[in-house]
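Comments concern the structure below.
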Number of protein chains: 2
Amino acid sequence: MSRPQTAPPTLEDVARVAGVSRATVSRVINGTRNVDRKIQEVVRAAVDQTGYAPNRAARSLVTKRTGTIALVVSGAGEQGEEDAFASRVFADPFFGRVASGVVGFLRTRGVHPVLMVADTDRAREDVLAFLRQGSADGALLVSTHAEDPLPARLAEAKVPAVLFARPARPVPISYVDLDHQAGAKLAADLLVELGCTQVATITGPLDVPASQNRLTGFRDAMARHGFPYVPIAEGGFTAASGEVAMERLLAEHPGVDGVFAANDLMAQGALNILQQHGKRVPQDVALIGFDDSGPALACRPQLTTVRQPVEDMAAEMARMLLGQVDDPDQRPRSVIFEPSLVVRGSA
Amino acid sequence: MSRPQTAPPTLEDVARVAGVSRATVSRVINGTRNVDRKIQEVVRAAVDQTGYAPNRAARSLVTKRTGTIALVVSGAGEQGEEDAFASRVFADPFFGRVASGVVGFLRTRGVHPVLMVADTDRAREDVLAFLRQGSADGALLVSTHAEDPLPARLAEAKVPAVLFARPARPVPISYVDLDHQAGAKLAADLLVELGCTQVATITGPLDVPASQNRLTGFRDAMARHGFPYVPIAEGGFTAASGEVAMERLLAEHPGVDGVFAANDLMAQGALNILQQHGKRVPQDVALIGFDDSGPALACRPQLTTVRQPVEDMAAEMARMLLGQVDDPDQRPRSVIFEPSLVVRGSA
DNA sequence: ATGAAAGCGCTAACAC
DNA sequence: GTGTTAGCGCTTTCAT
């Protein structure tokens with residue numbers, strides 16, 4: 001460290017110390033081309049000695065790559081409640097799992113995710129501009145809203161992008177998703193196996209494909225078991241909405257003995273209400289959640305739930321995105337993950 | 001949009017369309033210097049027409065600013081369980097609130113947070129390198145580990161940085177924090193007011209200053225109320241650790257009638273155990289949490305808790321950091337927030 | 001195998 | 001008030 005307070009060392013500095021040209025240093029750093037063994041060592045020594053680290057802006061300027069991707073959470077833009085959207089979505093354990101999977105995958109690849117929230121038209125334009133002028137190499141999109149225009153915009157801008165979950169309306173864009181129907185079937189099968197005969201379900205917002213698929217899958221499986229009618233109550237993927245839904249279900253169908261909630265948060269809410277009404281879970285009512293996120297373990301009894309491997313799915317998104325960045329002409333692909341049943345105490 | 005598939009428009013392109021020089025376009029875009037009204041309009045029109053957006057890399061190369069800051073979560077680097085750390089921390093609602101506050105503040109300022117996890121020495125070096133060679137203008141650090149060397153390293157590298165919470169050992173670095181002692185006192189006062197006489201507390205990890213302060217504040221307040229002895233059980237800020245701690249407390253002090261848990265997650269765990277042992281909350285045992293995060297609302301009864309305005313604190317961190325970026329010679333500052341009591345059903 | 005030199009897109013002196 | 005010009009630090013032909 002010969003230069004205490006000064007500007008960071010540049011390629012030029014390293015080259016001078018090593019007694020070679022900038023180009024050579026650049027080559028050994030990037031591992032391109034053949035460079036003489038001996039020279040490589042000399043250069044590496046000079047790098048260590050100077051504490052050199054490449055300037056990403058300069059590199060990016062010439063390579064047109066940033067080593068950065070956007071991790072964007074997109075949602076409905078209720079005017080004037082922007083921050084509310086952000087806090088709602090970041091409070092959901094689901095998003096934490098996505099972030100965890102993405103970071104876990106990217107960390108070893110020298111790529112960094114920048115967090116963006118796209119909850120208004122303005123914010124969406126910002127995201128688009130950010131991507132279009134190359135501030136990031138691509139985007140990972142978690143959309144919470146069916147009418148989200150961002151997927152289509154990204155596709156038409158030909159920005160490398162991967163979605164979590166299939167978009168509500170067809171868009172030529174890559175995504176990872178879960179076999180929601182299979183997951184719902186897992187729940188239905190267990191409920192029937194347990195002997196439940198009055199089964200109901202708390203769905204997610206029905207404009208979201210995942211909610212629809214879970215509902216459809218559940219109904220189909222129940223029908224196949226000889227239960228053509230399944231009462232439903234629509235929730236909003238929050239614990240509070242799960243409570244409201246369960247109240248309604250109980251009011252309309254007091255004899256319900258099995259409930260499938262489309263996520264763990266709503267299952268948690270349902271559990272609260274069930275217990276409040278003196279129903280024992282799982283003895284009086286069997287309850288199954290979806291996701292297998294943190295709250296499932298915090299409940300008493302712990303939630304039997306359909307596990308969605310969110311971290312793996314997020315990692316796969318990142319993998320796909322990087323592939324797309326390397327080869328922009330790749331056509332859209334999708335990877336579907338299989339859910340699994342995690343049996344705990346609630347069913 | 002005259003150039004369909006080609007490279008994004010540059011300043012040069014805009015200048016040509018507007019019939020002025022690059023410099024002039026740059027001036028109107030950055031709002032510097034006086035530029036003739038009429039010309040401004042012409043330029044803006046040209047910008048719209050071309051769909052121009054400044055290239056951040058190029059700009060950053062000359063300004064030495066990136067418009068990016070690092071949001072780093074730093075923690076103990078248990079060898080080989082890197083991803084476990086990431087998923088643990090991102091699963092904590094606390095971190096979501098930090099992210100939400102940070103994003104909320106930065107979004108209007110054109111600054112973007114990049115997410116980094118520093119859980120190993122290697123990862124910490126990466127963060128440092130990232131910052132030192134100017135890939136980000138500064139760092140927001142949430143440290144979960146008392147022995148974390150990162151704050152000191154950041155300080156000595158003279159990287160603009162702000163911590164969430166005062167570092168365990170003195171470091172000349174800015175931070176925001178909560179008056180933990182005052183928060184704990186709020187809890188103690190309520191418990192005493194409710195008539196509890198056998199009060200215990202579940203602490204956070206005792207090497208973390210925040211945990212220590214909450215404990216000290218609680219003990220002091222209880223002592224002042226005439227209760228010199230307060231049984232404690234140390235937890236790890238997770239629901240599961242709260243369960244273990246509560247079990248132990250109950251085993252050693254079956255008559256306990258008031259519990260203060262150092263965060264909501266542990267309070268939730270404690271609640272599970274209490275109810276499992278047939279204790280009614282709040283009738284038999286009054287229970288108070290800390291944070292006022294999501295899980296507090298999902299519990300039954302809902303948690304009475306000491307609110308920590310995490311989003312505001314995070315926003316303040318971001319504000320302080322940007323100030324520091326603008327004036328790097330600023331000396332370290334700290335801002336302490338006041339907690340407040342949120343009374344719900346558990347006490 | 002290595003060096004010289006051009007240039008990525010932008011800002012900031014400096015002239016006019 | 002506006003244009004000219006010199007780089008910022010890097011990669012990458014193109015020579016050698």
Side-chain angles (χ1 to χ4, degrees), chain A residues 3 6-44 46-47 50-68 110 129-130 132-137, chain B residues 3 6-44 46-47 50-68 110 129-130 132-137:
Chain A
R3 357 164 81 237
T6 348
T10 73
L11 256 198
E12 189 71 52
D13 297 327
V14 179
R16 195 173 326 112
V17 171
V20 297
S21 75
R22 286 210 308 272
T24 300
V25 179
S26 174
R27 282 173 192 129
V28 351
I29 285 176
N30 294 297
T32 52
R33 280 292 189 70
N34 313 328
V35 176
D36 188 277
R37 281 283 188 213
K38 303 212 158 191
I39 301 222
Q40 288 202 30
E41 284 170 28
V42 177
V43 170
R44 281 191 216 295
V47 167
T50 52
Y52 171 80
N55 179 314
R56 311 183 91 216
R59 177 178 282 180
S60 162
L61 190 53
V62 30
T63 60
K64 269 85 175 68
R65 287 286 180 72
T66 61
T68 289
F130 190 79
R132 245 191 322 228
Q133 41 92 222
S135 292
D137 299 333
Chain B
R3 357 161 83 236
T6 350
T10 74
L11 257 197
E12 190 70 52
D13 298 327
V14 180
R16 193 172 329 109
V17 171
V20 296
S21 74
R22 286 209 310 272
T24 299
V25 179
S26 174
R27 282 174 191 126
V28 349
I29 284 175
N30 294 296
T32 52
R33 280 288 190 72
N34 315 328
V35 176
D36 188 277
R37 282 282 188 214
K38 304 211 158 191
I39 302 222
Q40 289 201 32
E41 284 170 27
V42 176
V43 171
R44 282 192 215 295
V47 168
T50 52
Y52 171 80
N55 178 314
R56 311 183 92 214
R59 178 179 280 180
S60 162
L61 190 53
V62 30
T63 59
K64 268 87 176 68
R65 288 287 180 71
T66 61
T68 289
F130 190 79
R132 247 192 322 231
Q133 39 93 219
S135 293
D137 299 333

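Every chain is numbered from 1 and lettered A, B, ... according to where its sequence line falls, protein lines coming before strand lines. What you see below is based on every heavy atom in this structure, not just the backbone, and it leaves out hydrogens, waters and symmetry mates.
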How close or far is atom [atom2] of [N] from atom [atom1] of [X], stated in whole angstroms?
| X | N | atom1 | atom2 | answer |
| --- | --- | --- | --- | --- |
| B/Leu61 | D/dC8 | CG | C1' | 4 Å |
| A/Gln133 | C/dC8 | CD | C1' | 14 Å |
| A/Ile39 | C/dA1 | CD1 | C1' | 8 Å |
| B/Arg27 | D/dG1 | CZ | P | 11 Å |
| A/Arg37 | C/dT2 | CZ | C1' | 17 Å |
| B/Tyr52 | C/dT11 | OH | P | 6 Å |
| B/Asp13 | C/dG9 | CG | P | 9 Å |
| B/Asn55 | D/dG9 | CG | P | 16 Å |

(message) Of the options C/dT11, D/dT11, C/dG3, whose atoms approach the side-chain atoms of A/Val62 most closely?
(response) D/dT11

Is the phosphate of [N] approached by [X] (side-chain N or O, under 4.0 Å from OP1 or OP2)?
| X | N | value |
| --- | --- | --- |
| A/Thr10 | D/dG9 | no |
| B/Lys64 | C/dT11 | no |
| B/Thr24 | D/dT2 | no |
| A/Ser26 | D/dT11 | yes |
| B/Lys38 | D/dG1 | no |

Is [Y] close to [X] at the side-chain level, that is, under 4.5 Å between some pair of heavy atoms?
| X | Y | answer |
| --- | --- | --- |
| B/Thr24 | B/Ile39 | yes |
| A/Thr68 | A/Arg56 | yes |
| A/Tyr52 | A/Ile29 | yes |

